[in-house]
Amino acid sequence: MRIGILSYHFPPEPAFIPGSLAEELAARGHEVRVLTGFPDYPGGQVYPGWRQRWRHETHSERLAVRRVPRYSGGDGSTGARMASYLSFAGSAALVARRFLAGIDALYVFQLPATSFAAAGVLRLLGRVPAVLHVQDVWPEEATGGDARWAARIGAATARTYRAADRIAVVAPSMRKLVVTGGADPARVSVVLNWTDERIFQPARPSPAARQLVRRDGRCVVMHAGTIGARQGLETAVRAAAALDRTLDLVLVGSGADERRVRGLAAELRADNVRFVERRSPVDMPDLYAAADYQLVMQRDLPELNGTVPGKLQAALSCAAPVVASAGGDTAELVERARAGLSCPPEDWASLADRFWLAATIPPPARTDMGRRGREAYLREMSLPAGVDRIERMLRDAVAARVSRH
């Protein structure tokens, strides 16, 4: 097939879902054309060495990438974000008809940032069947709580739901939200995201990783990633502080809440809570292997119950057993795969109980958890499994459109 991809972000930005999908579809013999912007995430400024211009197109075998200018404000304000979203929509509309001419189907990597562009491009392309891959259904998150702009993004998103021939959602609970938003239930399927499998594979810990992560023979639970409002790591610190002679909690990364979390650990005199500065993703499998469990934290927020954080896929792909302090689909996936332990979010006493149980489980049983998690990942969440489902949805969308005409 000739497949178009519309994505607000694309490599070299950390956007491995649309990037790896494009590469895999091209490797399977499809002609792929990607319409995207110039890289500016997460800093909000165009990457060094890049210059925004109109005629920027790169080609490799069966894969073409056309980049269009968009506003890069960089100050993080709602106005700057909306200017970026709208400018991308305008730029995409100017080139979509020619660049995407003759495609058999369009794949849209659907974020709130893509909503205006998706609505405009779908209207321009008319009869071209479309598959949306919905990553986020909460425009309030993208607009900083601005109700007016959230309503506008919501309206544009609803138009794309109605126009799409097939819709993929990244978590089972998200399906209900998308249907509530106007999608035809018969057109909505679950396609779990995959991780960057070039990086996240089972590994043996190096001596350096062991020295960094472990202090003695105690069980080590590691949280790797953002220390922010969505994670609620204060809960983990309180749970670990209650077990100061039983396990170590190692927090790898940084974020807006780091100072507060460090302050709580100091206040509780939690000597078993240690902080490690942010590391490159390529270093993480080594650190994962040096720990006993990976911790997945989500606060008890409605917008998080229908999502699965990417760190879960990364941990499962590395065969690392998981402790999940989360609700909704995240806890369900861990329990169904028998890949670790779970408890309700924002409940430090329950998490302390899970930590204690995790520490008492013998190492061979932990290894079995990791193995089952990896098997579940390969079966349900891997790149080949995900692309198989997206490819099938694209073919079904084309066939359904042909049958109607």
Side-chain angles (χ1 to χ4, degrees), residues 1-11 13 15-38 54-70 88-111 113-135 156-157 159-169 183-184 187-189 191 383 386-405:
M1 292 188 292
R2 291 165 296 184
I3 300 169
I5 292 180
L6 177 67
S7 181
Y8 188 79
H9 297 299
F10 198 74
E13 293 172 294
F16 58 83
I17 297 294
S20 56
L21 175 68
E23 292 176 356
E24 182 66 16
L25 288 173
R28 295 183 181 198
H30 303 290
E31 177 192 324
V32 181
R33 304 178 206 166
V34 179
L35 181 55
T36 188
F38 286 85
W54 277 106
R55 298 190 178 276
H56 186 285
E57 195 169 317
T58 57
H59 295 264
S60 57
E61 188 174 0
R62 299 192 184 93
L63 176 60
V65 180
R66 176 69 184 268
R67 297 185 185 270
V68 294
R70 67 182 180 217
F88 177 65
S91 295
L94 285 173
V95 306
R97 193 181 299 234
R98 175 173 293 182
F99 178 66
L100 299 175
I103 62 171
D104 299 307
L106 177 70
Y107 165 92
V108 178
F109 189 68
Q110 181 67 34
L111 295 163
T114 324
S115 297
F116 297 126
V121 169
L122 288 177
R123 186 170 60 249
L124 279 170
L125 297 183
R127 291 189 171 187
V128 173
V131 173
L132 302 186
H133 198 175
V134 180
Q135 305 290 313
T157 301
R159 288 199 296 274
T160 66
Y161 289 169
R162 291 191 294 269
D165 296 79
R166 296 290 186 272
I167 299 176
V169 293
D184 179 351
R187 299 181 180 184
V188 184
S189 303
V191 180
L383 171 63
V387 178
D388 282 348
R389 295 185 179 106
I390 294 293
E391 186 179 37
R392 186 162 55 248
M393 293 177 78
L394 289 163
R395 292 190 187 280
D396 289 347
V398 171
R401 189 69 68 102
V402 169
S403 67
R404 291 201 299 269
H405 295 88

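We count residues from 1, following the sequence as given.
- Here the side chains of I167 and Y161 are in contact, with some heavy-atom distance below 4.5 Å.
- With hydrogens and angles ignored, the 3.5 Å screen pairs no side-chain donor or acceptor of R62 with any backbone N or O of A27.
- With respect to the salt-bridge test (charged N to carboxylate O, under 4.0 angstrom), the residues D396 and R187 do not qualify.
- Note that the CE atom of M393 and the NE2 atom of H133 stand 8.0 Å from one another [nearest 0.5 Å].
- Nearest heavy atoms, A96 versus L125: O-CD2, 4.2 Å.
- Without hydrogens or angle criteria, R70 side chain to Y8 main chain gives a donor-acceptor distance under 3.5 Å.
- With rounding to the nearest 0.5 Å, the separation of CD1 in I390 from CD in E24 is 12.5 Å.
- Using modelled atom types, one side-chain atom of R66 and one backbone atom of W54 make a donor-acceptor pair closer than 3.5 Å.
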* Can you list the steps and then say if R28 with D388 is a salt bridge (Lys or Arg N to Asp or Glu O under 4.0 Å)? -> CA-CA 10 Å; R28 295 183 181 198; D388 282 348; 2.7 Å; yes
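- A salt bridge does not link E57 with R55: none of the charged nitrogens is closer than 4.0 Å to a carboxylate oxygen.
- Taken to the nearest 0.5 Å, the CD1 atom of I103 stands 7.0 Å off from the CZ atom of R33.
- Of the candidates L394, D104, L21, I3 forms a side-chain contact (heavy atoms from CB on, under 4.5 Å) with just one, namely L394.
- Considering every non-hydrogen atom in both L122 and A163, the closest pair reads CD1-CB, 4.1 Å.
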Side chains of residues 88-95: which donor-acceptor pairs under 3.5 Å do they make with residues two or more places apart or in other chains?
unit_1: S91; atom_1: OG; unit_2: P69; atom_2: O; d: 2.7
unit_1: S91; atom_1: OG; unit_2: S87; atom_2: O; d: 3.1

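- Residue R2 holds its CZ atom at 12.0 Å from CG of L100, rounded to the nearest 0.5 Å.
- Taking the centre and axis of the six-membered ring of F10, the NZ or CZ atom of R67 falls outside the cone set by 45° and 6.0 Å.
- Between the T114 side chain and the Q110 main chain, no donor and acceptor come within less than 3.5 Å of each other.
- Minimum heavy-atom separation, A22 to L63: CB-CD1, 4.0 Å.
- Interatomic distance, CG of L132 versus CZ of F109, reported as 12.0 Å (0.5 Å rounding).
- To the nearest 0.5 angstrom, R159 atom CZ is 6.5 Å from R123 atom CZ.
- What you find for H30 and M1 is that their closest heavy atoms are ND1-N, 3.0 Å.
- Side-chain contact, T36 with S7: no donor N or O sits under 3.5 Å from an acceptor N or O.
- What you find for L6 and L106 is that their closest heavy atoms are N-CD1, 4.2 Å.
- The two residues A105 and V398 have their closest heavy-atom pair at CB-CG2, 3.8 Å.
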